[in-house]
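These notes are about the structure you will find just below.
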Amino acid sequence: MNDTVDKLVIFLAKRDGIDKLVKTFQYVSKLVHWHVEKTHPDAATRAKQWEVASGLSRKAFRSGRFLTGFNALRRNPGTTTTFRLLAVLSNAGEMVYFFFDHFLWLSRIGVLDAKLARRMSFISAFGESFGYIFFMVSDIILIQEGIKAERRIVKSGDESEDSKGKIKNIRGDRVMRLMAVAANLADLIIALADIEPNPFCNHAVTLGISGLVSAWAGWYRNWPS
């Protein structure tokens with residue numbers, strides 16, 4: 001029990017797990033489409049269909065996800081005034097993102113007027129990018145605090161098992177937060193492509209790599225221990 005296959009089953013049973021898997025499909029197919037668009041048009045068309053289907057599937061999986069941010073604020077708003085403020089700003093942005101993503105999904109599958117898609121995409125992406133900025137700020141502050149705490153333990157000269165355990169936990173937390181920053185930064189680039197289209201953010205390679213970085217960082221963070 002608890003081998004790689006067991007962990008994969010547990011991971012994919014989570015909503016975040018299946019989202020990261022389908023996100024990998026979405027951005028791999030985007031890169032494939034870009035790579036073969038001129039040389040193999042038929043393969044490019046199939047890759048594009050895979051990308052679109054994956055994107056729509058992910059939106060369906062995220063139904064009701066905006067409640068996660070609300071519950072996070074309700075249950076764990078932060079230990080200090082600074083972290084409470086950052087939690088409100090980051091989760092509020094994420095709630096806007098997931099809430100309006102419902103309408104974007106419905107407009108793209110034809111339930112709502114297709115003309116709404118562009119507006120819903122902008123609002124959703126704006127909320128997403130707003131939230132990600134403050135999530136990153138929170139993680140960076142906590143990484144800095146962890147580094148200071150580790151230095152204090154090292155300087156104290158305490159080599160007990162308890163101190164070694166604390167250092168191990170601090171370093172483990174740092175890696176997880178660095179993965180979170182990487183994922184949020186990658187998703188911020190994708191969101192900026194919707195908010196303010198530009199040659200860099202909207203290039204297929206930029207979007208593809210950003211999407212895969214976000215997905216794989218999410219795999220790392222959510223993989224069962």
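One-based numbering along the sequence shown.
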Notebook entry, point to check: Hey, is Glu51 close enough to Lys48 for a salt bridge, meaning N to O under 4.0 Å?
Noted result: yes
Checklist line | Glu145, CD atom: more than 12 neighbouring heavy atoms under 6.0 Å | finding: yes
Checklist line | Any donor-acceptor pair under 3.5 Å from Asp101 side chain to Tyr97 backbone | finding: no
Next item on the list: Evaluate the criterion side chain to side chain contact (heavy atoms under 4.5 Å, CB included) for residue pair Phe134 and Asp139; output intermediate values, then yes/no.
Entry: CA-CA 9 Å; Phe134 293 104; Asp139 281 324; over 6 Å; no
Check: Are Ile195 and Ile189 joined in one hydrophobic group, where the rule is that I, L, V, M, F, W and Y side chains link up if heavy atoms are under 4.5 Å apart?
Finding: no
Next item on the list: Taking only Lys NZ, Arg NE, NH1 and NH2, and the carboxylate oxygens of Asp or Glu, determine whether Asp42 and Arg46 approach each other closer than 4.0 Å.
Entry: no
Checklist line | Step-by-step side chain to side chain contact (heavy atoms under 4.5 Å, CB included) determination, Arg119 to Ile123 | finding: CA-CA 6 Å; Arg119 186 181 303 169; Ile123 296 172; 4.2 Å; yes
Checklist line | Gap separating the CD1 atom of Ile133 from the OG atom of Ser90, nearest 0.5 angstrom | finding: 11.5 Å
Item checked: Cluster check Leu89, Val137: I/L/V/M/F/W/Y, side chain < 4.5 angstrom -> yes
Item checked: Arg74, CZ: over 12 other non-hydrogen atoms inside 6.0 angstrom -> yes
Note to self: Are Leu112 and Trp105 connected into the same hydrophobic cluster when the rule is that any two of I, L, V, M, F, W, Y join if their side-chain heavy atoms are below 4.5 Å apart?
What the structure shows: yes
Margin query: I'd like to know whether Leu31 forms a side chain to side chain contact (heavy atoms under 4.5 Å, CB included) with Val28, so could you lay out the CA-CA distance, the side-chain angles of the two residues, the decisive distance to 0.1 Å, and finally the verdict.
Written below: CA-CA 5 Å; Leu31 289 172; Val28 165; 5.8 Å; no
Note to self: So does Ala117 get a backbone contact from the side chain of Ser121, meaning a donor-acceptor N/O pair under 3.5 Å?
What the structure shows: no
Margin query: Thr45 vs His33, test: side chain to side chain contact (heavy atoms under 4.5 Å, CB included). Steps then yes/no.
Written below: CA-CA 7 Å; Thr45 299; His33 174 265; over 6 Å; no
Check: Where is the tightest heavy-atom contact between Val22 and Ser54, given as atom of each residue plus distance?
Finding: CG1-O, 3.5 Å
Item checked: Lys23 and Ser214: side chain donor to acceptor below 3.5 Å -> yes
Check: Same cluster or not: are Trp50 and Val36 linked, directly or through other Ile, Leu, Val, Met, Phe, Trp or Tyr residues, by side-chain heavy atoms under 4.5 angstrom apart?
Finding: yes
Checklist line | Closest approach of Ile167 to Ile153 (non-hydrogen atoms, all atoms of both residues) | finding: CD1-CG2, 3.7 Å
Next item on the list: Give a yes or no answer on whether the side chain of Thr206 reaches the backbone of Asn202 with a donor-acceptor pair at less than 3.5 Å.
Entry: no
Notebook entry, point to check: Under 6.0 Å between the ring centres of Phe66 and Phe99?
Noted result: yes
Check: So how far is it from Leu56 CG to Phe61 CZ, rounded to the nearest 0.5 Å?
Finding: 11.0 Å
Next item on the list: Spell out, as yes or no, whether a donor-acceptor pair under 3.5 Å connects the side chain of Asp113 to the backbone of Leu116.
Entry: no
Next item on the list: Verify, without hydrogens or angle tests, whether Ser124 (side chain) and Met120 (backbone) share a donor-acceptor contact under 3.5 angstrom.
Entry: no
Next item on the list: Look at the rings of Tyr132 and Phe135 and say which category their plane angle falls in: under 30° parallel, 30 to 60° tilted, over 60° perpendicular.
Entry: tilted
Check: CZ of Phe122 to CZ of Arg118: how many Å apart, nearest 0.5 Å?
Finding: 7.5 Å
Notebook entry, point to check: What are the two closest non-hydrogen atoms of Lys20 and Gly218, and how far apart are they?
Noted result: CE-CA, 3.7 Å
Check: Can Lys164 and Glu159 be counted as an ion pair, charged N to O under 4.0 angstrom?
Finding: no
Next item on the list: Mark yes when over 12 heavy atoms from residues, nucleotides or ligands other than Arg84 sit less than 6.0 Å from its CZ; otherwise mark no.
Entry: yes
Check: At what distance, to the nearest 0.5 angstrom, does CZ of Arg75 lie from CZ of Phe70?
Finding: 9.5 Å
Checklist line | Check ion pair Lys59-Asp19 (N to O, under 4.0 angstrom) | finding: no
Next item on the list: Output yes when a side-chain donor or acceptor of Asn91 lies under 3.5 Å from a complementary backbone atom of Ala87, and no otherwise.
Entry: yes
Notebook entry, point to check: Could Arg65 and Glu94 be called an ion pair, given the rule that one side-chain N must be under 4.0 Å from one carboxylate O?
Noted result: no
Item checked: Arg62 side-chain N/O to Phe98 backbone N/O, donor-acceptor pair under 3.5 Å -> no
Notebook entry, point to check: Any donor-acceptor pair under 3.5 Å linking the side chain of His102 with the backbone of Gly64?
Noted result: yes
Margin query: Let me check something: do Val175 and Trp219 share a hydrophobic cluster, defined by ILVMFWY side-chain heavy atoms less than 4.5 Å apart, either directly or through other members?
Written below: no
